[in-house]
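Okay, structure first, notes after.
Numbering starts at 1 and runs along the sequence shown. These numbers come from a predicted model, not from an experiment.
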Amino acid sequence: MAKSQIRRSAEFGFMLLSVIGLFFITPVEISGSDRTREIISQKLDPIISAPTERLLDRSEKDGLVTVWVFFTDKGVRTQHELAAAADKYRTAITSRAAQRRTKTGITGPTFFDLPVVQSYVSTAQNLGGKLRSVSRWLNAASFTIERSRLQDLAALPFVREIRSVAKYRMPRDEMTEETLPKTGGVALPGPYDYGTSAGQLAMINVGLAHNDGYDGSGILVCMIDTGFRKDHDAFAAAYAEGRVLAEHDFIFDDDDVQNEIEDIASQHNHGTSTWSVLGGEVEGQLYGPAFKASFILAKTEDMRGETAVEEDYWVEAAEWAESFGADIISSSLGYTDWYDPEDFDGNTCVTTVAADIAASLGVVVCVSAGNYGPNPSTLLAPADADSILAVGAVYNTELITSFSSRGPTYDARTKPEVCAQGSDCWVASANTTNSFGYGSGTSYACPLVAGAAALVLQAHPGWTPMQVREALMQSGDHAAAPDNAYGWGIIDVMAAINYSFPCECGTFCDLNDDELITPVDLAYLVNFVYRGYEAPALLGDCPRPNGDWDCSGGITPMDVILMINFVYRSFGGACDPCAE
């Protein structure tokens, strides 16, 4: 969509976040019933839908089911109560996360930072619910509970909706271990001996980026996966240099993401391989695009056959990553289970909503499209999210693989966004501390793109997730004619680093270049005029600055007033008054 095609409504989470974030940076106050509805949700009717009931019939085991319980509120009923409650959590936002959020116009706590009301969770537990996880972003908690108690749970006045927790679909990746890399292959221009990983890096032009000094330094990447063999040679440099900053096992709720006694032997296989593709470093053997990035590691997927493998840990990990200050999330996991085709609309699947919320808070989210092609509309959640990079896989011949999941989404958006090599990628194997092999699947294309995103962010630390997304998409070899197999095509990281955002001089109100006109754009003006922040980005060579509503040639308080009138009062007329 061109920026001139202005949309008034944002996706779930982003608009709400934008509106609430604004209230912590400007004295402008908006009252009325519309403001109340943003912080208090109405109970659905029915609270347990017929599709959920049917799924519960199938998933019930020994009388128990696992469900999401969504709440109506967070214990505040007015904007003043919201502001007072959120301000208590200002110090809970890490400085790194706060700095990253400012790129999207957020300068203080938001509704998403408020905790779920503990008494709501406790009441569900008193009904016999065993707590699994809690989500601030979704205002929900997941429980294992007796099926017979669900109606009692639904009757509680603060319960908005009850859904089944969707299960993780194990990637149909292939792995062939080799004791030594194959000799020969692609010669990659760059300062390192890339070994057999040269081919997968050359396809996306990583060598030239490394030549220019881009290696991921200063960028924090969160890997969300099954677990990790931390003592593998591929990660020795990251640990030796203190670049692995945190780790958490969301299955056993501890801080060790390596295999534990309860895990099956293959638990850490997938995560070890995906991390190595993004950030591994073994001279003569393997390099990831962002081998000098910093990392936090999240273990979320329980591989034990007798244990349900579900989406709630992914949401919890994404919240953890954002709050820690991660710049990028790379996740090669997908969820489907009970979701129907119409649920892949960018607004319904739980991990999809969480991925978009992460993006709205300034995190670049990269996920694998799935390995269920070649039929259309075979994406797994959260690949249908509209503010992320869903990644498809190509062979080393640059042709799309047969297994790579295709779009479109249910609401007819083109997917995936981009592609990278996902067949016969050279990866670290978790079988030993120094074994490598070939892996195939969109699971390996995803970390290549996430690593490229880290290089783009290193070059342009002020870019928002939507700008990084646009730069990588427009670097693709199908950008002129995107389709639902390749999306915008195989990325070129150097082209993305050198990307120049087009100037459309008739749309001066889209200040953060996300194709939306929201209070976040207004926040840019407020922060610049009243707090001395940097001017809104000038994305191109325009004759006057973005945000110059009164055609004066600069940004003044009058521009703020005009934009307030447009965003909150008129909802009509041209975005650019000078164009009229």
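Between Arg304 and Glu262 there is no salt bridge, since no side-chain nitrogen of the basic residue lies less than 4.0 Å from a carboxylate oxygen of the acidic one. Ionic pairing of Arg147 and Asp57 is present here: one or more N-O contacts between side-chain nitrogen and carboxylate oxygen are shorter than 4.0 angstrom. Salt-bridge check for Asp254 with Lys299: failed, with every basic side-chain N at 4.0 Å or more from each acidic carboxylate O. Using a 4.0 Å cut-off between a side-chain N of Lys or Arg and a carboxylate O of Asp or Glu, Arg163 and Glu161 qualify as a salt bridge. Residues Arg149 and Asp152 are paired through a salt bridge, judged by an N-O separation under 4.0 Å between the basic side chain and the carboxylate. For the pair Arg96 and Asp327, the salt-bridge criterion is met [side-chain N within less than 4.0 Å of a carboxylate O]. The pair Arg101-Glu322 counts as a salt bridge, with a side-chain nitrogen and a carboxylate oxygen less than 4.0 angstrom apart.
Between the side chains of Ser119 and Ser122, no donor N or O sits under 3.5 Å from an acceptor N or O. Between the side chains of Asp233 and Thr433, no donor N or O sits under 3.5 Å from an acceptor N or O. A side-chain N or O of Asp345 and one of Thr348 form a donor-acceptor pair less than 3.5 Å apart. Using modelled atom types and a 3.5 Å distance limit, the side chains of Ser135 and Glu316 yield no donor-acceptor pair. Using modelled atom types, one finds a donor on one side chain and an acceptor on the other under 3.5 Å when comparing Asn371 with Thr442. Side-chain polar atoms of His270 and Ser332 form no donor-acceptor pair below 3.5 angstrom. Side-chain contact check for Ser331 and Trp314: at least one donor-acceptor pair (N or O, by modelled atom type) lies under 3.5 Å.
Asp231 pairs by the salt bridge (charged side-chain N to carboxylate O under 4.0 Å, His left out) definition with Arg229, not counting sequence neighbours. With sequence neighbours excluded, no residue forms a salt bridge (charged side-chain N to carboxylate O under 4.0 Å, His left out) with Asp215.
Arg132 pairs in a salt bridge (charged side-chain N to carboxylate O under 4.0 Å, His left out) with only one of the listed residues (Asp253, Asp302, Asp312), which is Asp312.
Heavy-atom contacts from other residues, nucleotides or ligands closer than 6.0 Å to CD of Gln99 number 12 or fewer. Around OH of Tyr395, the count of heavy atoms belonging to other residues, nucleotides or ligands within 6.0 Å exceeds 12.
The ring of Phe324 has its center no closer than 6.0 angstrom to the ring center of His248. Taking the six-membered ring for Trp, Phe250 and Trp320 have ring centres closer than 6.0 Å. You'll find the ring centres of Tyr194 and His210 inside the 6.0 Å limit. Checked against the 6.0 Å centroid criterion, the rings of Tyr192 and Tyr287 qualify as a close aromatic pair. For Phe228 and Phe235, the ring centers are positioned 6.0 Å apart or more.
His232 contributes a side-chain N or O that, together with a main-chain N or O of Ser429, makes up a donor-acceptor pair within less than 3.5 Å. Side-chain N or O atoms of Lys103 include none that pairs as donor or acceptor with a backbone N or O of Gly362 at under 3.5 Å. Thr378 places a side-chain N or O within donor-acceptor distance of the main-chain N or O of Asn375, the cut-off being under 3.5 Å. In this structure a side-chain-to-backbone donor-acceptor pair under 3.5 Å is missing from Thr72 to Val159. At least one donor-acceptor pair closer than 3.5 Å links the side chain of Asp263 to the backbone N or O of Glu260. With hydrogens and angles disregarded, a donor-acceptor distance shorter than 3.5 Å links the side chain of Thr94 to the backbone of Ser323. Panel note: side chain Gln267, backbone Asn259; no donor-acceptor pair is recorded below 3.5 Å. A donor-acceptor contact shorter than 3.5 Å links the side chain of Arg243 to the backbone of Ala293.
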I'd like to know whether Tyr410 forms a ring-ring contact (aromatic ring centres under 6.0 Å, His included) with Phe344, so could you lay out the CA-CA distance, the side-chain angles of the two residues, the decisive distance to 0.1 Å, and finally the verdict. CA-CA 5 Å; Tyr410 184 75; Phe344 292 90; 9.5 Å; no
Step by step, would you call Arg160 with Asp73 a salt bridge (charged side-chain N to carboxylate O under 4.0 Å, His left out)? CA-CA 9 Å; Arg160 176 180 181 269; Asp73 62 89; over 6 Å; no
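Nearest heavy atom pair, residue Ser360 against residue Thr104, reads O-OG1, 3.3 Å. The two residues Leu131 and Ala141 come nearest to each other via the heavy atoms CD1-CB, 4.0 Å. Residues Val69 and Ile162 come closest through the heavy atom pair CG2-CG1, 4.5 Å.
You'll find the side chain of Gln285 stays beyond 4.5 Å of the side chain of Asp193, heavy atoms only.
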